[in-house]
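All remarks here apply to the structure that follows.
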Amino acid sequence: MNFEEYASKPLLAESGIKVPKSILVVDADSAATAAKELGPCVVKAQVPTGKRGKAGGIKLADTPDEAHQHATAILGMTIGEFIVEKVLIEEKSDIKREFYAAVLNDPVSKGPVVMFSTEGGMDIEDVAADTPEKLKKHAVDIRHGFSIGDAQALIAGLDLSGAEAGVSETLVKLYAAYITNDAELLEINPLIITGSGDVAALDCKFTLDDSAIKRQQELSTKGTPDKLTELEQMGEDNGIKYIELDGDVCVLANGAGLTMTTMDVVGHHGGKPANFCEIGGEAYTKGTVALKMVLAKPGIKSLVVNFCGAFARCDVMMEGLLNAWDEVKPDIPVFFSIAGTGDEEAIRMLKEKLDMDPLPDMSAACKAAVDAAKGSN
Amino acid sequence: MIIPRKETRILVQGITGKQGTFWTERMQEYGANVVGGVNPKKAGTEHVGVPVYASAAEAQEGVGFDASLMFIPPLGLKAAALDAIEAGAKMILMLTEHVPVHDIMYIMAAAKEAGTQIVGPNTAGGVTVDETFMGFMPAFNQRIFKKGSVGVLSRSGSLGTLLCQNIVSAGYGQTAFVGIGGDPVIGTTTRDALEALDAFPGTEAVVMVGEIGGAMEEDAAEYAKTMSKPVISYIAGGAAPPGKKMGHAGAIVMGDKGTYASKKKALEAAGVNVLSTPVHVGDALKEVLG
């Protein structure tokens with residue numbers, strides 16, 4: 001779950017990292033009022049995506065009038081796929097230098113990695129690609145944490161204009177905030193040195209580990225939920241992973257890998273999937289609601305059901321589907337591929353209830369669904 | 001130890017739950033050497049014919065075990081795994097999905113120090129054909145698992161099962177199946193599993209089932225280059241839209257990282273046959289095994 005700047009920065013402040021004063025507003029008049037209080041300021045679009053500056057979503061304002069003008073221009077602007085509905089009015093900082101600092105979950109070392117670079121304010125992927133020697137990294141043993149000595153070693157040899165002590169302390173506080181908040185990523189870019197030698201966070205990106213939301217309930221209310229369609233929301237409410245796509249061949253399968261593959265094979269045969277819908281794992285008892293959801297999308301032409309039972313039993317998934325059948329009465333052709341745990345029973349149930357047989361394999365089922373969708377055009 | 005053997009002594013933590021009971025019984029029917037279980041509330045009793053202990057440490061003192069299989073809810077996994085690591089488990093297989101990543105990283109650090117191999121989390125388990133199995137796999141279904149010479153590894157349980165079914169229907173069989181799990185941080189990587197299958201007795205070819213996201217397939221390609229045995233691969237997610245988590249936390253494409261194209265390119269450069277659909281696996285095996 002992503003957090004916007006206004007929701008991320010307080011986590012740094014709670015950990016003792018200095019952040020500039022700021023006020024969140026939703027209209028231009030409030031932006032001017034905030035600017036009056038803060039003096040020269042920066043008007044910053046609040047959206048859960050990067051590249052706000054390049055999109056024109058961050059502007060300096062010396063006066064309340066300018067803040068009003070910028071807020072008027074920025075509010076309602078589209079950045080990435082998001083419409084700007086909030087702007088952060090932040091006091092202008094006296095920037096002497098810009099650095100980069102982050103802590104993230106690293107799949108390679110299988111632990112947290114603390115990163116620091118003197119090349120702040122830039123796209124860190126570019127720094128990593130062009131000048132990897134300028135991106136310092138420290139792999140942490142999460143059992144022991146990240147100490148002031150580790151931070152000093154990380155920045156050793158770098159010229160930080162006398163702010164070495166302040167930066168080391170900030171890195172330790174950043175790591176503490178990363179742990180406290182179950183972060184997947186906690187990033188400060190830029191981390192600045194001011195004219196008076198203070199260290200402060202000018203921006204912050206925080207991603208909460210989705211698997212930790214259950215123990216970070218209060219924190220998660222401050223994040224930005226994924227933008228979901230009505231059907232995707234219905235999936236979420238029912239514990240089913242459903243992603244709406246723009247094709248016309250519906251996909252219903254168990255397990256993330258198998259569902260993705262079903263989409264791929266629909267594509268391989270020249271069709272376009274209408275959705276990703278999976279009822280694997282603990283969701284395998286939810287065939288009834290899954291079938292209803294899949295069929296609720298307008299404009300669909302056919303459905304491929306691909307069950308390959310491991311933990312998820314084919315017979316249980318089929319029972320759920322058949323329970324919904326009379327109620328939803330699918331008016332599009334449906335093709336089945338069934339294998340794995342509970343397959344024989346599922347095939348028997350399909351024959352008994354609908355007098356249908358599965359196709360010999362998933363490729364045949366996907367091809368039949370694609371052909372049916374094309375034939376109905 | 002990534003691939004358990006017939007003699008491997010298996011402890012089941014969370015044995016008394018509904019899933020723990022169901023799958024332990026399937027494992028026992030298959031011939032798995034389940035020596036005991038753990039549930040602090042039922043310590044001292046017997047369940048599905050084996051003793052139940054209060055902790056892995058007590059089980060180690062009691063019956064002794066090599067590998068532990070965990071049927072444990074997400075927020076309890078860290079404590080259960082640390083118990084098994086301290087008790088000297090050689091291998092821990094973690095099935096649980098949606099475990100906080102900080103907990104996983106804690107387990108990984110402790111396991112590394114103790115020399116314990118972690119498989120998972122978020123895996124359906126592993127099968128050593130005609131010897132043993134651990135987890136939720138339909139090892140007992142003879143249209144899916146049959147003794148043969150193909151080693152199979154997969155991030156996804158359901159998709160791995162599908163590939164295994166296609167291998168058997170094409171007239172081949174497997175030595176072992178290793179489910180590595182769909183999370184971003186996992187104990188046994190694609191490369192680790194590939195190395196283990198390459199070294200496993202009787203393996204003549206390896207089928208590697210990957211997905212979009214991360215860089216594990218690219219890393220495994222480096223090892224595949226050095227192998228004398230043929231490697232065949234299927235990568236799921238070619239049709240997935242970027243930026244979306246496709247059910248597995250690990251399956252997400254950010255920018256040009258973790259894409260289908262990047263994985264296919266790395267694998268083909270290493271001489272791996274990348275299949276366009278899973279049902280082509282039979283033809284690909286025929287080419288290399290005859």
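First the proteins, then the strands, lettered A, B, ... as listed; each starts at 1.
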Is chain A contacted by the side chain of B:I144, its backbone, both, or neither, given a heavy-atom distance below 4.5 Å?
side chain
Check B:A240 against A:M263 and note the closest heavy-atom contact, atom names and distance.
CA-CE, 4.1 Å
Sort B:I104 into side chain, backbone, both or neither according to what part of it lies under 4.5 angstrom from a heavy atom of chain A.
neither
Chain B heavy atoms under 4.5 Å from A:I179: which part of the residue, side chain, backbone, both or neither?
both
So which part of B:L95 gets closer than 4.5 Å to some heavy atom of chain A, the side chain, the backbone, both or neither?
neither
Would you check, one step at a time, whether the test side-chain contact (heavy atoms from CB on, under 4.5 Å) holds for B:T161 with A:C308?
CA-CA 7 Å; B:T161 304; A:C308 196; 3.6 Å; yes
So for B:V101, is it side chain, backbone, both, or neither that comes closer than 4.5 Å to the heavy atoms of chain A?
both
Which atom of B:E211 lies closest to which atom of A:G257, heavy atoms considered
OE2-CA, 3.6 Å
In this structure, are over 12 heavy atoms from other groups packed under 6.0 Å from A:K297 atom NZ?
yes
Take B:R143 and A:E344, measure what side-chain contact (heavy atoms from CB on, under 4.5 Å) needs, and give me the verdict at the end.
CA-CA 11 Å; B:R143 274 161 292 138; A:E344 283 175 329; 3.4 Å; yes
For chain B, which of A:V265, A:N105, A:D141 has the most heavy-atom pairs under 4.5 Å?
A:N105
With sequence neighbours left out, what residues match A:D264 under side-chain contact (heavy atoms from CB on, under 4.5 Å)?
B:Y234, B:A236, B:A239
Give the C-alpha distance, both sets of side-chain angles, the deciding distance and a yes or no for side-chain contact (heavy atoms from CB on, under 4.5 Å) between A:V108 and B:M216.
CA-CA 9 Å; A:V108 178; B:M216 285 199 304; over 6 Å; no
Parallel, tilted or perpendicular for A:H268 and B:H280, by the 30°/60° rule?
perpendicular
In Å and rounded to the nearest 0.5 Å, what is the OG to NZ distance from A:S109 to B:K112?
8.0 Å
Evaluate whether atom NZ of A:K214 has more than 12 neighbouring non-hydrogen atoms of other residues, nucleotides or ligands under 6.0 angstrom away.
yes
Using non-hydrogen atoms only, which part of A:D209 is less than 4.5 Å away from chain B: side chain, backbone, both, or neither?
side chain
Best-contacting candidate, A:A312, A:G340, A:P273, against chain B by heavy atom pairs under 4.5 angstrom:
A:G340
A quick test of your reading: do over 12 heavy atoms of other residues, nucleotides or ligands sit less than 6.0 Å from NZ of B:K18?
no
Identify which part of A:D343 has an atom lying under 4.5 Å from any heavy atom of chain B, answering side chain, backbone, both or neither.
side chain
Counting only non-hydrogen atoms closer than 4.5 Å, does B:A110 touch chain A with its backbone (N, CA, C, O), its side chain (CB onward), both, or neither?
both
Tightest non-hydrogen contact, residues B:P138 and A:G309, listed as CG-O, 3.4 Å
Near B:Q142 CD, under 6.0 Å, is it more than 12 heavy atoms from other residues, nucleotides or ligands?
no
Side chain, backbone, both or neither of A:F307 within contact of chain B (heavy atoms, under 4.5 Å):
neither
Using heavy atoms and a sub-4.5 Å threshold, report which of residues 357-368 of chain A line up against chain B, by residue number.
A:D361, A:M362, A:S363
Can you see which heavy atom on B:V185 is nearest to which on A:P107, and at what distance?
CG2-CA, 4.0 Å
For the side chain of A:K110 and the backbone of B:Y106, is there at least one donor-acceptor N/O pair under 3.5 Å apart?
no
When every non-hydrogen atom of A:S211 is compared with those of B:P100, the smallest separation belongs to O-CG, 3.5 Å
Intermediate values then yes/no, side-chain contact (heavy atoms from CB on, under 4.5 Å), B:I212 and A:M260:
CA-CA 10 Å; B:I212 54 165; A:M260 267 193 279; 4.0 Å; yes
Identify the two heavy atoms, one from A:L258 and one from B:S158, that lie closest to each other, and give their separation to 0.1 Å.
CB-OG, 3.2 Å
Could you grab the distance from atom CD1 of A:I142 to atom CE of B:M105, nearest 0.5 Å is fine?
4.0 Å
Are there over 12 heavy-atom neighbours, none belonging to A:K286, within less than 6.0 Å of that residue's NZ?
yes
Value rounded to 0.5 Å, distance of CG in A:N254 from CG in B:L162
10.0 Å
Let me confirm one number: the CZ-CZ distance from A:R313 to B:F136, rounded to the nearest 0.5 Å.
13.5 Å
